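For this chain, numbers begin at 1 and follow the sequence in order. Order of listing sets the numbers, starting from 1, for every ligand and every atom in it. Since the structure is predicted, the reported quantities are computational estimates derived from the model, not experimental observations.
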Amino acid sequence: MSDCIFCKIAAGEIPAIKLYDDGEVLAFRDINPEAPVHALIIPRRHIATLNDLGTADAALVGQLYLAGKRVATDLGVADSGYRTVINCNRDAGQIVFHLHMHLLAGRELGWPPG
Ligand code: DGP
């Protein structure tokens with residue numbers, strides 16, 4: 001999508017600190033980190049929200065989580081712990097409508113989230 005900020009990051013048109021890229025799934029640092037480690041893991045293909053996933057996307061969802069595990073390991077937080085979150089639509093606070101998984105780590109994370 002031409003006006004999607006994460007599509008532009010995936011295309012290299014907007015800079016980002018990249019952490020992982022396997023051609024289908026990309027991870028980069030969040031521009032506004034809420035924890036010492038805050039990465040975003042996205043599919044390269046534009047999918048607006050979790051609601052827009054279909055059964056054909058099951059493998060892609062698995063790839064998002066495997067990429068998250070890889071990023072957590074690479075950044076040294078796999079053992080100390082991390083949280084993955086996908087916000088869907090308004091009440092969850094989704095502001096970028098390109099599916100993305102947050103990976104937060106590096107401090108004790110409160111529960112339940114606000
Ligand atoms: P959400 O509220 O789940 O839609 O989270 C969107 C996240 O995207 C938010 O934590 C800030 C991040 N973000 C927004 N614009 C940019 C950007 O241009 N670059 C990077 N790296 N992150 C961005």
Side-chain angles (χ1 to χ4, degrees):
M1 278 238 314
S2 58
D3 61 345
C4 170
I5 201 150
F6 287 178
C7 283
K8 287 183 178 166
I9 287 174
E13 293 165 13
I14 290 180
I17 302 171
K18 289 195 183 155
L19 300 167
Y20 177 82
D21 188 354
D22 67 13
E24 283 192 88
V25 166
L26 182 73
F28 52 89
R29 290 199 188 264
D30 194 292
I31 204 168
N32 183 25
E34 299 288 354
V37 170
H38 189 170
L40 300 171
I41 298 123
I42 68 166
R44 214 168 253 290
R45 175 160 59 89
H46 185 85
I47 300 169
T49 79
L50 197 58
N51 289 338
D52 299 300
L53 286 169
T55 52
D57 298 314
L60 182 65
V61 174
Q63 282 177 262
L64 290 177
Y65 279 94
L66 289 172
K69 184 182 89 165
R70 167 78 176 271
V71 168
T73 301
D74 289 350
L75 296 180
V77 296
D79 289 339
S80 52
Y82 58 97
R83 181 173 296 161
T84 55
V85 177
I86 296 177
N87 295 322
C88 183
N89 280 337
R90 183 196 58 218
D91 281 358
Q94 184 175 7
I95 54 168
V96 176
F97 285 83
H98 180 128
L99 181 68
H100 52 282
M101 186 168 80
H102 295 260
L103 188 153
L104 297 143
R107 64 170 170 81
E108 269 192 41
L109 300 164
W111 189 263

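Of the charged side-chain nitrogens involved, at least one lies within less than 4.0 Å of a carboxylate oxygen, so that R45 and D57 count as a salt-bridged pair.
Here the side chains of L19 and D74 are not in contact, with every heavy-atom distance at 4.5 Å or above.
F6 CZ, 3.4 Å is the protein heavy atom nearest to atom 8 (O) of ligand 1. Protein heavy atom nearest atom 21 (N) of ligand 1, with residue, atom name and distance: R29 O, 2.8 Å. Atom 5 (O) of ligand 1 has H100 NE2, 3.1 Å as its closest protein atom, hydrogens excluded (heavy atom only).
Not a single N or O atom of A16, backbone or side chain, sits closer than 3.5 Å to an N or O atom of ligand 1. Here's the thing with G93: one of its N/O atoms is less than 3.5 angstrom from an N/O atom of ligand 1. An N or O contact shorter than 3.5 Å links H102 to ligand 1 by distance. Residue Q94 has no N or O atom closer than 3.5 Å to an N or O atom of ligand 1.
Under the 3.5 Å distance criterion, the side-chain polar atoms of R44 are left unmatched by any main-chain donor or acceptor of D22. Between the R107 side chain and the P36 main chain, no donor and acceptor come within less than 3.5 Å of each other. Between the side chain of Q94 and the backbone N or O of V96, at least one donor-acceptor pair lies under 3.5 Å.
Remark: distances from the non-hydrogen atoms of I9 to ligand 1 include one below 4.0 Å. Residue-ligand proximity: F97 is placed with every non-hydrogen atom at 4.0 Å or more from ligand 1. The shortest heavy-atom distance from E34 to ligand 1 is not under 4.0 Å.
Listed by number with element, the atoms of ligand 1 under 4.0 angstrom from any heavy atom of L40 are 8 (O), 12 (C), 22 (N). Under a 4.0 Å criterion applied to the non-hydrogen atoms of I5, ligand 1 contributes the atoms 18 (O).
No more than 12 heavy-atom neighbours from other residues, nucleotides or ligands sit within 6.0 angstrom of CZ on R70. No more than 12 heavy atoms of other residues, nucleotides or ligands lie within 6.0 Å of NZ in K69, so this atom counts as exposed by the packing criterion.
Here the shortest heavy-atom distance to atom 16 (C) of ligand 1, taken over I86, I31, N32, belongs to I31. Between atom 11 (C) of ligand 1 and the options I95, V96, L99, D30, the minimum heavy-atom separation is to D30.
Linking ILVMFWY side-chain heavy atoms closer than 4.5 Å, directly or via other members, places F28 and I41 in two distinct hydrophobic clusters.
Ring centers of H100 and H98: at least 6.0 Å apart, outside the cut-off.
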